[in-house]
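Lettering follows sequence order; numbering is per chain, from 1. Keep in mind that this is a model prediction, so the values were computed, not measured.
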Amino acid sequence: MNLTTVFAVVGRIIRQFGRDRRTLALIVVVPVAVLALLVWILRSPLATPKVAVVSPDAEVKRLATAALTEGGQLEVVELETTDYRQALRDAKVKAVYIIPGDVLTAMAAGRAPDLTVAVQGTNPTLTRLAEAMTGKVAQALLPAVPRPAPVPVIGPGPKQGGSAPQTTPSPIVVPFVPQKPVVHTEYVYGSSAFTSIDIMAPAFIAFFAFFFVFLLTSVSFLRERTQGTMVRLFASPMRPAEMVLGYTIGFTLFALLQSAIVLVFVVYALKIHYVGSVALVFLIEAVLTIGGVNLGIFLSTYAKNELQVVQFIPLVIVPQAILSGFVFPLEDMTPALRALGQAMPLTYANQAMKDIMVKGLGLADVWPSLAVLGGFVVFFTILGSVAARRSA
Amino acid sequence: MAESAVLLSGLRKNFGAVRALDGLDLEIPRGQTFGLIGPNGSGKTTLIRILAGLLRPSGGEARVFGRRMPDRSVARRIGYMTQQDALYGDLSARENLRFFGALYGLTGRKAERRVNEVLELVELSQVARRPVETFSGGMRQRLSLGIALLHQPPLLLLDEPTVGVDPELRRTFWGHFRDLARMGATLIVSTHHLDEAERCDRVALVRFGVVLADGRPADLKEASGQPTLEDAFLYFADAQRKGAGQ
């Protein structure tokens with residue numbers, strides 16, 4: 001291994017991409033812009049959906065309305081038409097609660113309240129919310145349920161010893177006062193201040209590093225072939241391994257620079273919550289990008305031109321974006337999907353990044369993820385080196 | 001005398017079913033300008049690539065300075081100018097030279113001196129800082145030649161160095177070649193310009209992956225009884241055709 005040769009390659013890559021202002025801007029501006037957009041979306045208050053309550057019983061309607069508006073998740077409006085289906089079709093309201101007039105008497109008789117919620121059915125999240133709110137409505141109706149006469153309950157008398165004085169048991173009335181539960185959420189990691197974006201940001205940083213390094217390496221390696229420099233390189237005393245190492249170092253430096261800028265932006269400008277060690281974050285990034293460089297080298301040998309390199313994006317990048325657990329949590333997936341996700345290097349990088357940035361874990365805890373990631377990197381490096389040798 | 005610069009014996013190279021080189025025997029002594037003459041597809045580029053260590057022979061052997069190719073240890077002693085100008089368009093002429101120099105172990109002040117010499121030689125000193133993508137075809141060709149001789153290799157493999165080059169520059173190139181030969185370098189130049197072949201010490205006429213004839217241009221003309229090298233080539237090609245017909 002000749003270090004002069006390796007650093008000649010590193011220097012060349014830095015010079016080439018350092019001069020390519022547009023690409024430099026792309027690798028920094030894109031992640032920053034995407035994250036900023038996500039933060040904007042996820043931190044913006046959601047629009048309050050309008051719903052309506054339909055019931056012949058005014059008291060029921062009042063109680064239901066109060067229950068639905070409480071918490072500010074929904075806004076209850078009056079329907080201008082008697083045809084609630086038309087109102088939904090016209091998008092005047094997002095959901096309509098239909099409560100029969102005899103609901104209270106039914107409940108008094110011990111039957112379950114019969115509530116209908118009509119929805120547009122085009123927004124599953126809203127449908128879930130509308131359904132969940134029916135529970136609150138039912139609860140709100142409880143105090144209004146006419147109660148039968150108080151039932152005397154015989155209290156337990158003292159039964160110790162036969163000689164105890166016999167007292168007349170007084171009737172105890174059990175009052176029916178529905179108490180709202182007081183809910184405390186206990187956080188093992190993070191706090192109530194953490195929103196989805198705080199959980200997603202670490203994975204985003206890893207994803208962008210991987211994506212751009214993969215793209216840049218495969219395009220530059222392809223160019224070496226198409227512009228003929230590859231042939232000249234392999235006619236020189238340089239070994240393919242030295243070339244691969246030079247590429248790896250050069251592009252990893254760019255990836256780390258990108259990550260540093262994105263990280264600073266994310267933490268200081270977007271105020272993403274973040275605990276854990278920066279050094280460890282960079283270690284994960286470095287390992288991941290080494291994998292990205294070598295995967296890029298390997299796959300570029302299967303591309304004839306830049307368009308064909310771009311074709312690898314839906315093949316290599318998109319499945320990882322979906323299945324590596326940064327949009328959809330991997331642990332919620334079915335075993336088959338989880339297995340697919342576990343076959344992807346980005347999954348382990350995401351896991352490690354989350355463990356470090358959200359949970360604040362150290363190397364002692366994240367090493368399994370790092371080890372698997374390392375395994376992928378070794379595998380890709382072998383593929384990359386073989387590919388480089390073959391393209392000579 | 002030391003071993004010859006290049007020694008080929010029964011050299012064959014197949015690409016699938018295509019026989020690019022079909023049993024080549026050739027000896028090229030040191031210090032000569034050797035022309036590889038032949039039409040497109042005759043196997044000139046394949047031969048040069050084998051000599052550059054880029055291709056592995058399918059049979060027979062190719063020796064460069066006594067080492068059986070491919071052998072990375074002789075790479076430092078070979079300068080290679082490819083048919084297509086292999087340059088980094090986003091780097092300047094000087095950066096291209098520096099990069100390739102470093103691959104051949106040229107670093108520091110020594111590299112800087114040599115880069116300046118070469119820029120001077122190929123008359124690119126004035127534009128050394130310009131990105132190569134702004135260069136004309138002739139400038140690129142000059143830079144390509146400069147890179148090939150940057151590390152002062154004793155053997156230069158020049159694959160059609162004058163393709164697409166105007167007559168004036170071609171003359172300059174051949175002037176450089178003569179100077180290099182005078183300094184003791186061995187040059188292997190592939191071309192299909194027969195007037196260039198006349199300038200070589202020796203030539204080999206290559207067709208369909210075999211050497212039709214090799215020797216000094218004058219000897220080849222004499223042996224074929226033809227007035228020009230072009231006629232001599234056609235004469236030998238005809239003989240090959242007849243031979244194949246039998």
Side-chain angles (χ1 to χ4, degrees), chain A residues 1-24 26 216-217 219-247 249-251 254 301 304-306 385 388-392, chain B residues 45 48-56 64 69-92 94-108 110-111 129 131-133 140 143-145 147-148 150-151 153 155-159:
Chain A
M1 195 59 76
N2 183 338
L3 287 182
T4 308
T5 315
V6 172
F7 284 108
V9 177
V10 175
R12 199 200 80 215
I13 286 167
I14 290 175
R15 206 157 282 141
Q16 284 179 302
F17 280 92
R19 200 161 296 169
D20 187 352
R21 294 283 148 80
R22 194 169 142 165
T23 304
L24 270 189
L26 178 88
L216 294 185
T217 312
V219 169
S220 345
F221 222 76
L222 175 92
R223 274 193 204 151
E224 295 267 16
R225 270 194 304 137
T226 52
Q227 74 196 357
T229 43
M230 182 86 86
V231 164
R232 208 161 204 169
L233 294 182
F234 285 125
S236 82
M238 186 185 70
R239 290 165 191 285
E242 288 162 357
M243 184 179 188
V244 170
L245 187 63
Y247 260 80
I249 296 174
F251 282 110
F254 273 107
T301 56
K304 281 203 188 77
N305 50 49
E306 272 134 346
S385 304
R389 200 170 303 252
R390 215 186 28 205
S391 55
Chain B
T45 296
I48 286 183
R49 285 181 159 225
I50 287 177
L51 296 179
L54 292 165
L55 291 175
R56 193 173 287 278
V64 174
M69 297 306 284
D71 183 337
R72 208 182 298 280
S73 69
V74 288
R76 210 175 277 270
R77 300 165 72 186
I78 299 174
Y80 176 37
M81 181 172 168
T82 51
Q83 208 166 347
Q84 179 197 9
D85 52 21
L87 303 167
Y88 295 100
D90 40 6
L91 297 183
S92 70
R94 182 180 291 280
E95 287 166 335
N96 268 283
L97 284 166
R98 270 195 205 135
F99 171 67
F100 283 106
L103 298 187
Y104 288 89
L106 274 174
T107 51
K110 199 171 129 210
R129 296 162 70 92
V132 168
E133 58 203 0
R140 299 169 72 101
L143 181 57
S144 258
L145 176 65
I147 289 170
L150 182 65
H151 59 290
L155 174 64
L156 275 155
L157 303 173
L158 308 168
D159 195 359

With a 4.5 angstrom heavy-atom cut-off, could you sort out which part of [X] is near chain A: side chain, backbone, both or neither?
| X | value |
| --- | --- |
| B:Ser144 | both |
| B:Phe100 | side chain |
| B:Glu95 | side chain |
| B:Asn96 | neither |

Can you tell which part of [X] gets under 4.5 Å to a heavy atom of chain B, answering side chain, backbone, both or neither?
| X | result |
| --- | --- |
| A:Glu242 | neither |
| A:Val9 | both |
| A:Thr226 | backbone |

Checklist entry - What class does the angle between the rings of B:Tyr104 and B:His151 fall in, given that below 30° is parallel, 30 to 60° is tilted and above 60° is perpendicular? => result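 It falls in the parallel class, under 30°.
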Item to check | Closest contact, heavy atoms only, A:Thr301 versus A:Arg225 | outcome: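 Scanning both residues, the minimum pair turns out to be CA-NH2, 3.7 Å.
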Next on the checklist: If we check side chain to side chain contact (heavy atoms under 4.5 Å, CB included) with B:Ile78, which of these qualifies: B:Leu156, B:Val64, B:Leu51?
Outcome noted: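 In the set B:Leu156, B:Val64, B:Leu51, the residue that makes a side chain to side chain contact (heavy atoms under 4.5 Å, CB included) with B:Ile78 is B:Val64.
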Between [X] and [Y], a side-chain donor and acceptor under 3.5 Å:
| X | Y | answer |
| --- | --- | --- |
| B:Gln84 | B:Thr82 | no |
| B:Glu133 | B:Tyr88 | no |
| A:Gln16 | A:Ser220 | no |

Item to check | chain A interface, residue from B:Leu91, B:Val74, B:Leu157, B:Thr107 that has the most non-hydrogen pairs under 4.5 Å | outcome: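 Highest number of pairs under 4.5 Å: B:Leu91.
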